[in-house]
Each structure stands twice: as C-alpha cells, then as structure tokens.
Amino acid sequence: MEAKVNVQQSGNGKFEPRIVAFFCNWCTYTAADLAGVSRMKYAPNVRIIRLMCSGRLDPQFVMDAFAKGADGVLIGGCHPGDCHYVEGNYKTLRRMDLLKRMLKDLGIEEDRCRLEWISASEGDKVKSVVNDIVEKVRALGPLNMPGKFKDWDKEIEELDGKVQAQDEEQAPAHVA
Amino acid sequence: MKFTYFPGCSLKGSGRAYEESLLAVCKQLGVELEELDDWNCCGATAYMAVSERQAFGLAARNLALAEQQPHELIAPCSACYMVLKKTQKYLVEYPQIGQEVHDALSRGGLKYAGTAGVRHPLDVLVNDIGLDAIKKQVKMPLKGFKVAPYYGCQIVRPYADFDDQHNPVLMDKLFKALGAEVVKYPLKTRCCGGSLTGTLPEAGLGLSFHILREAQRRGANVLATVCPLCQFNLDAYQRDMSNKFEPVHMPIVYFTQLMGLAFGMDAKTLGLQRGIISIEPLLKKQEVAA
Amino acid sequence: MKEQSNGDIRIGFYICHCGTNIAGVINVKAVADYAAKLPGVVVSRDYKYMCSDPGQALIQQDIKDHKLNRVVVASCSPLLHEHTFRNALEGGGLNPFCLQMVNIREHDAWVHEPGEPATEKARALVRAAIKRVALQKPLEKKETKINRDVLVVGGGIAGIHASLTLANGGMTVYLVEREATIGGHMAKFDKTFPTLDCAACILTPKMSAVGENKNIKLWTYSEIVKVEGFVGNYKVTVKRKPRYIIEDLCVGCMKCVEACVYKEGRTEDDFNEGLSKRKPVYMPFPQATPPVVLFDPEACIQLKTGKCKKTCVEVCDRKAIRFDQKEELVEINVGTIILATGFQTFDGKRLPQYGYGVHPNVFSAMQVERMVNASGPTEGHIKLKDGSQPKAVGIIHCVGSRDNRTNRWCSRVCCMYSMKLAHLIKQHTDAEVFNFYIDIRAPGKGYEEFYERLQEEGVHFIRGRVAEVTDWAARKEEEGRLVIRVEDTLAGFVRRIPVDMVVLANGLEPQADSQDVRRMFNISCSTEGWFLERHPKLAPVNTFTDGIFIAGCCQGPKDIPDTVAQAGAAAAEAYALINAGVIELEPNTSYVVADDCSGCKTCIPLCPYTAISRDEVKKKAIINEALCKGCGVCVAACPSGSIYQNLFSDEEIFSEIEAVIG
C-alpha cells in the first residue's frame, strides 16, 4: 500500500532527486564558490551543508539525511594529503568504507552515497560531480525513507490491532 | 608464440620480400604466423583520403575477422598497421562513426567489439621475443654493415605506442644486437613521400632523395625499412634521383632481411634478389668477415 | 525552538538582491515572504546590498527595535562576508556568533537558471539556516598573540625585498635560503628588460643590505624541515647544512680555492648552467652573500676519503675550515611566514625535437644569460661550443609554455627576455638574429616600446611555432649548420632557416619540490602547482592559511617589477598582523562534557594537534582549547556523543539536515 509519497517532480513530471551535500570549508566549499564565481551552471538538486572538515562528518548525518527523505548524499573533502587539518579526510575515508557496507546491508544503493575529493581550484569538478550524481540518483528513483517508515508503522499498527483483538477474545475482560 | 597475420596487398605483390623474410625469421624464432582468412585490402592512406567512412568500414572488416581469432593481429606494412590502428581507436572514440561502421559490418554478418587491435612485427620481435632470444640465433654477425635505421612516419605518427615518437630506437638496438654498426641518423622518421612519388613526383622524389643522401653522408652503406612503400620509394628511383639531384646509391632492405642474414640464412630465402639496388657487395664483406 | 534564558528566539531574516546577481535569478520577495512565516522569525526583509553600510545599519536598527537575538543573512558566500555581518551584529549590540549566512549567490543564483527550482532551493537553504540559528549560542571571541618575528623562505629578489622591508621596520627576520647564497635567479642575469639595467648592479646592493642588516638573520645553505603551530605562533625547524666552514671566520679571500689540490675544476658549475667547471671548494659566485666559500662533499677528496694533503687548510689564515662540521637542526618561533621560493626553468630535454642535449649549439636561455654576462664563463663573449662566433642565431619562444603536451600556461617573461637576449646578442656579435614567436607579449611599462626598438635594430621576427631544430642539410648553405624548420604563418609557407646557434626560451614552472613544500606549510596549490592565493584579485599574496603569505614566482610566473611589488605586499600583510598584536581565531573549538565521557580513549589519537589528552585521575578526555583548531574529527568519532563543537554541534547540523530536505 502506498503512503503519502512526498516525491519532488519538476514541471514535466520528471522525478527530481533531493540530494544533501556535506562540503568541507577549505576545499570543496571553496571550489563550489569558485564554480559560482565562474558562473558554471549545474543541476539545482543539491543542497550544501558546510562543515569545517570532512572529518567532522558523523556517519549518522548520512543516515539521518536518508531517513528524513534525501534521495542521495554527496560528501566533499580535500584530496588525501591536502587536508587543512592534516588528516581529517583520512578519517572520512575510513568511515565511508564502513558506512558503505552498512548502507548496502540496509538495501540503499551504492550510487546514492558518494565521497569525492575536490580541491579549492576544482570548480569544474563540483559541476561535473553534481550533475553526475543527480543523474545517477534520478535513474535509481526516489528513496522515500519517510514514506517507507509510514508504511511500516501502519503495517505494525494493523498487526498490533489484530494481535490485541485476538488477546481480548481469549482473555477475560478486565473487571472495572 | 602465435599471431594472426595480416599481410596486406603489398606483401603479396611488390613487397613480397618482406613476407618472405618475415616468415623465415619468425620460423627461426619460434613465432607462428597464421594468415587471416579472407582478409581484404585495408584501404591504406589512399582510401582514407577519399572517403573516411567507407575506409573505416573496409578496414574494420579485417578487425572483425581478426577478433574471431584467439591471437593478436600482426600487420607488417606500416600503412596497414596505421590504418587498422586508427580504425580501432576512432570506432571507440567517435560513436557516430562507430555506429555507421557497425551497421555496415552487421549487413555482412560480422561484428566488431573493439577488442582486436594490431601490432607491428618490429614491436613484437624486439619487445615480446626480446633481444636476448634474437642474439642467440645470430650465426653470422653483420660485420661491415653500416645501417641507417629508417622508421618512416606511420609507425610513430600519430600513434607512438611502442617506441619514442621523435627518436625511436628499437631498430637501432636490434641491429646492434645483430653485430652491425648503426649510424647516427636524424631522418629516422621523415616521410619518404608515400604515394606522392606517383601522384606528385616533383614533391615525392625530393623527399625520398633527402633520406638517401643524408644516410650516405652519415656513412651508411645500407638502409633498413619497416614499410614496403618506403622500401619501394627509396629503392626504385635512385637513378632518377641521381640524374635530377645528386648521385645516390644504396641498397634498401627490410629489417627482417637483416635479421635473416645475421641468422645465417641465404639471400634467396630472404628475397634479397628482389631489391633493385643490389646488396651483393655488402654480402661479400659479411662473408669475408665471418 | 529552544528557549533562551531571556525569553523566546527572535530571528531577523535578510535576503540580499546583490543588484541583479541574486534577484535576477531568485524571487527574493517570495523567499522573504516564506521566511516571515517560519517559526521564530519576527522580521523578514529584502534589500539591494546587504553588505553595504545602509544594509548593515538595517540589521543593527532591527536588533534594537525588534529585540532580535538571532540573525540570518541570505546573500553571498560566508567565506566572503561572514566577517562583515558578524561585525554588523556586534555593532548592533548582539553577539557576533548568533549569525548564520545562507549562500544563495555562489551556490544558487550564479549556478542555476532563473526560475522556480532556484527559488525553491533558496527556500530550502533558508529554512535550514533559520532552524539552525536558533540552536546557536553566543560565544566569546578567541584571541591569540602574534609573535613579532617573521620567517622568509627563499632568498631571491622577492625574499630579499620582503626581508629588508620588514627589517627596516624593526622586525626580526629569519631569511632562510636553500642555496649557499641569496640572489636567486636574478643573480644570473646580465641585463634586465626593458631598461637594460645591469641585474647585478641593482641586486647586489640589496644583497649587501641584507647581509649587513642587524635585524635579518641570514641563514643560507639551510632548509625548512618542519612547521608546527598556527598564525602568530609558528614553531619551525630549520636544517642548516654543513659548509665545512665556520661562516663567521671566513672572509671570502678564496685562497683555499686557489690552493686546492685540484688544479682545475672538474664539477659542473650550477651557477654557470653547466658551461664551466668548478673545484670542490668554491665561492658560488663572486658577489655571493654571505661571501663565504663552501665544500662540495661529493667532490672533495678529504670529505670522501679522508686522505688529502689539505693544502686549503694550510693557506687559511682564519682557520675557518672544519671538515668535521655536522648538519644542525635549529628551532625558531615566528608569528608569520612569507614563502618566496621562486620557480625553476623548463628542461629543454623534454622537447626532443629542439635538440637540446643532442646538438651542442642548442642552448637554454639561462645559459646564454651566463655567456652574455661579463663575469660569466665566457667573459661576455657569445661563443659556439667550438669557440667561434655565430653568424646567425635563432631564438625559439614558448619552449614549455602554451603547450598542451607540457605546460599550458604562458610564462609571461619569455617574450621580453628573448627580445633582450636578441638585443644583447646583436650587441656582442655581428650575428643575424631570428626570434620565432606565437604572439609577442609585451604588457608592461616600456615593454611595447622595447619591441619596436628591437624591430628597428633589425632583429627578424618570424611568427610560427618552430617544428624542429635539425642538423641535416637540404641545401648547400645549410651544411655544417643547424636548421630551424618553421611555418612562417604571416608569409604563408614553411621555411628552413640555417643558423649556427639556437636559444630556447624555456618557460617557468613550479619548483620540483613545490608539492612537498606547500604540504609542509599547509597551504594549497593550483592544479598547475603554483602556490594558491586566497583570492586572485583581492588577496594575491594571502593564502588560505592565516599567517602564511606568498610572494613572487612561487605564486605564478611574473617579472621583477611584479615580484618586488608582491614582496612588498606580503611584508605589509605580515606587518599588519604584527602591528595589531593579536589575531582573532574562530571560536569553533570542541569541548568534552565530562559527565558523558566514558573514558574510552577513542578520541585521543585522532587529533593532529594533540589537543586532546586524558585526565588520568578522572579517567576522562579533556581538550586544550588553545590548541584546538576546530576540525571536529573527535566530535564525529566519540561513541557516547560527549564531545561538542561550538558552531558545528550535532544538534545544529541535524537541524540543518532535516530542514534542508523539507
């Protein structure tokens, strides 16, 4: 059964993915600024959240983004060796390895979560990566975790109701 | 080692000495060559200039046939080599051409997945077989031979996949291993004129002439090539060049013929009698030395 | 919405038109209307230029009138104006860290087409910022003192000028130079364009001034090996390589060089670009600063085998020679650093068609600079390898520049120095000179006039990229000479031009170890390898790392006037910091809530600044605020969530995530 589907559609009915991006302040956020200054045009589906370092990224942020309705998550950090805080991006890399396995087990497709190293002068890479992830996620369709949660809640509710009804049949009524 | 062998039109015609010497040398080195069944002309540089699409189609047919064979494809003639290589690369890089050619091939019941490529025998013999294995076969070192190694343009331009583009050295190394002296030769990769000797002789003849004169000036007494058209241009017009420009006189051989000579094979097996400028005087020198 | 101690959250929202930059793409009024309805927002405005004085005054007035305790500004990138608006808040009496900016210009209006998707994105970002700002807490500014000493890395003209400027202003400057003398590339030039000043005449006085200045600690033959700390408090380790001479004792008389057991030099002299040889003990060049000799451990018999007559020691009156000298590591504390490490020239061997290293009479431009120099290896005579004078010289522009196969950039100085060399060659010989160019780039003061002068002097300018330099002759007049084959694009045909000497105008490229150096200093570089400036127009000498500045060719190819200008600019930036005495640091530091900490020690090895330690008594982690740089790695790692980060707490970020999705 279909719960209320909160899926974005553009004017022509095409599915528009909603992608949350976590960009590190020193490299990727700056590169995105550079893309802006250079007026490079890319898909409007990505919403950027600024972190000081990609190492700040708690895997729970990614999980929460999906849980709240994101169709994709993009993480941007400095190239290995270039982290402004020396090694933050290495920690990101390690966490991503584990996170990817977890997402796989949860049935979330690999293309929905992506880690990219983008340095401050690579404005064009921001454009190409954003466009690429938008198309890949578009092809996968909406993830719609909130919708799925509602479905599962409803299922549980119904089951609960059935079990309760069974219990009351068998057990004596409470004495007031 | 086994290879699928694409001779091309020249090696069955005016360039048959190349085939004769290549097969003899490969046999000696334990390299098996199986001729590609039902091969067709590659179109060479001429067709590519007339109609690119159709030229690609023509060449692609050979690649499609070769792809059905389990071994790598060898093309000794530099023009065949370059055209086949260019076809393979363009079909992959330019989907529009690829699509048209694939359609054409499918009408002939063939298909080409882009995996079959082409190698040049100079690459295979020196890089794959190796100089050590070749040295083992040398029975009569080429004493007294001062060789100008002439690579021509098509095995280094535009693709220089197996040697340096400006200063290739595989033949230099090979001939040293055969016991010959290799002269320092700046015109290694200069064009011989190709088909121009026929269509625009006032241009083509000059190009080949410079190659010969410089080889002479550098002290060479033989020039070695990898391409049948180069061999022909440099060999067949020496009298015209001498009349028009300056006297030039030098035997022009295939690198495989030099290999065969060093291996102790006789001139007839290697097709050396087919050269217009005779290599006899040099052979006498080699015998005396050996 | 969380409650504040003084009541509820009162947010002022401001969206900037930025002229038509934002308003032309995003429906700013619609976004303002949308924001007005969001929880906590008490005033919502749109305005043409929020960063202007009236724009900031608007915020300050609203803070008073509406008792705002949070502000959200939707405009350009925070990297540009976060500081501006934080100051505005402070001016209005509100804690500056109660601000959140929304980047709807660089990240929205400038990268998307006008229309509903761009406006919808703006709404989402605004919603996220409004939700987040409510969770932000007032914070105190963090300040740190600036150490007055300055480190200048590189002793070329940029490093020299920056050092003198700062030293004359009273600062103590450590000038660290890798070679045995300062002077850099400029010391090798003969004349400089376009005025044809003698390079040594303008450089050596500055070099002497450096040597004599009491405020400059000149450490040549030294390299930086480690950099720790942060702006105002850098701790730098310098490796001082052994010269095997006590620097203070040597007076530069060079008797040791004369007396050396080697009667002639056998080692290629780097300063003369390999055109001459030197002995194992040598003075880098006659005007070297400091004027001290050094020993080459690869060539000196005593240093290699321990068995030498040591005639050098016998003649040294000052007893300055010490064969047992060892390399020394010295630590210094400085507040600011200026990197002026310069460039290297393109190696002509990478373009084999020009024959460098193959044909003896193909020279690099730097070699010709040395030849043309009166104190160079040929005493100012332009000579071919066999000692004769050339009758024709070809100068090839753009070697290793403007080239897809090697370096794509224009090296900016080669056209000018090629013309200078053409002029000098004509002056020193009777040779015909040909310059082969793609475009003549002569943008500076007097540069175009110099080009005209060269044309009047009869130098031939041929427009065409040279295809090859070869030694095979097609015609009689080419025999025994080098031939330049080029398409003369203005005349419309291919030419073969016989010359005796070919000069390659090699381009400039980043130093071979520029990647290692910039990582050591924690700055970024561009894709080509030049050190990256903070902003190409407005901050060309700053880097993204506070306290570290760049000057000269390490930032990109440039001529001497621009190099000196940048060196002055970097010195001014350093001086501004020093004069201010303190610098404000971002208060986005992390702290441990001890009650929640379980003492698991996960966080402790993660901090690259060793800011986290373990209190062995309480068995809890504790963060040293002064060392914390605010990266947040520990926050993300803490299994019990007991580490919080100011301005980037989990709570704040989760609220952003939820609201941005919508």
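Chain A is the first sequence line, chain B the second, and so forth, proteins listed ahead of strands; every chain is numbered from 1. Just so you know, these numbers use all the heavy atoms, side chains as well, and skip hydrogens, waters and symmetry mates.
- Heavy atoms of A/L57 lying under 4.5 Å from chain C belong exclusively to its backbone.
- Looking at A/Y90, neither its backbone nor its side chain comes within 4.5 Å of chain C, counting heavy atoms on both sides.
- By the 4.5 Å heavy-atom criterion applied to side chains, C/R518 and A/D82 are counted as neighbours.
- For chain C, the nearby parts of A/K41 are the backbone and the side chain; heavy atoms of each come within less than 4.5 Å.
- Summarising the geometry of C/P117 relative to A/P44, their closest heavy-atom pair is CB-CG, 3.8 Å, with the distance given to 0.1 Å.
- Within 6.0 Å of atom CD in A/E110, 12 or fewer heavy atoms from other residues, nucleotides or ligands are found, so the atom counts as exposed in its surroundings.
- Residue C/C76 does not touch chain A at all, counting heavy-atom pairs closer than 4.5 Å.
- The nearest pair of heavy atoms linking A/S121 to C/C525 is OG-O, 4.2 Å.
- The parts of A/L51 that come within reach of chain C are both its backbone and its side chain, each placing non-hydrogen atoms under 4.5 angstrom from that chain.
- Rounding to the nearest 0.5 Å places CD1 of A/I49 at 10.5 Å from CZ of C/F654.
- Taking both residues in full, the closest heavy atoms of C/A637 and A/R95 are given as CB-NH2, 3.5 Å, listed atom of the first, atom of the second, then distance.
- With a 4.5 Å cut-off on non-hydrogen atoms, C/L606 touches chain A through its backbone and its side chain both.
- When all heavy atoms of C/V660 and A/R47 are compared, the pair lying nearest together is O-NH1, 3.3 Å.
- Considering only heavy atoms from C-beta on, A/V46 stays 4.5 Å or farther from C/H107 through its side chain.
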| field | From CA spacing to verdict: side-chain contact (heavy atoms from CB on, under 4.5 Å), C/S524, A/W26 | value | CA-CA 9 Å; C/S524 352; A/W26 301 97; over 6 Å; no
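- Other residues, nucleotides and ligands place no more than 12 heavy atoms under 6.0 Å from the NZ atom of A/K104.
- Neither the backbone nor the side chain of C/R105 comes within contact range of chain A; no heavy atom of the residue lies under 4.5 Å from a heavy atom of that chain.
- The backbone N or O of A/Y42 sits less than 3.5 Å from a side-chain atom of C/H112, completing a donor-acceptor pair.
- Ranked by non-hydrogen atom pairs under 4.5 Å with chain A, the options C/L647, C/N588, C/D650, C/I523 are led by C/D650.
- Interface summary for chain C: among A/G36, A/G88, A/P59, the most heavy-atom pairs under 4.5 angstrom belong to A/G36.
- Considering every non-hydrogen atom in both A/R50 and C/L79, the closest pair reads NH2-CD2, 4.1 Å.
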| Passes side-chain contact (heavy atoms from CB on, under 4.5 Å), A/R39 versus C/V111? Steps please. | CA-CA 6 Å; A/R39 311 294 198 276; C/V111 291; over 6 Å; no
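- A 4.5 Å side-chain heavy-atom check between C/I653 and A/D64 finds every atom pair outside the cut-off.
- The shortest side-chain heavy-atom distance between C/V633 and A/R56 does not fall under the 4.5 Å cut-off.
- Of the atoms belonging to C/L532, it is side-chain heavy atoms, and not backbone ones, that fall under 4.5 Å from chain A.
- Neither the backbone nor the side chain of C/E586 has a heavy atom closer than 4.5 Å to any heavy atom of chain A.
- Proximity to chain C (any heavy atom under 4.5 Å) is shown, for A/A67, by neither the backbone nor the side chain.
- With a threshold of 4.5 angstrom between heavy atoms, A/T30 approaches chain C through its backbone and through its side chain.
- The line from CG of A/L34 to OG of C/S77 is 11.0 Å long, rounded to the nearest 0.5 Å.
- Proximity to chain C (any heavy atom under 4.5 Å) is shown, for A/N25, by both the backbone and the side chain.
- Atoms NZ and SG, from C/K629 and A/C53 in turn, are 13.0 Å apart once rounded to the nearest 0.5 Å.
- With a 4.5 angstrom heavy-atom cutoff, A/C83 touches chain C only via backbone atoms.
- Both the backbone and the side chain of A/V37 come within contact range of chain C, each with at least one heavy atom under 4.5 Å from a heavy atom of that chain.
- For C/C631 against A/Y85, the heavy-atom pair with the smallest separation is CB-CG, 3.2 Å.
- Ranked by heavy-atom pairs under 4.5 Å with chain A, the list C/S590, C/P78, C/C607 is led by C/P78.
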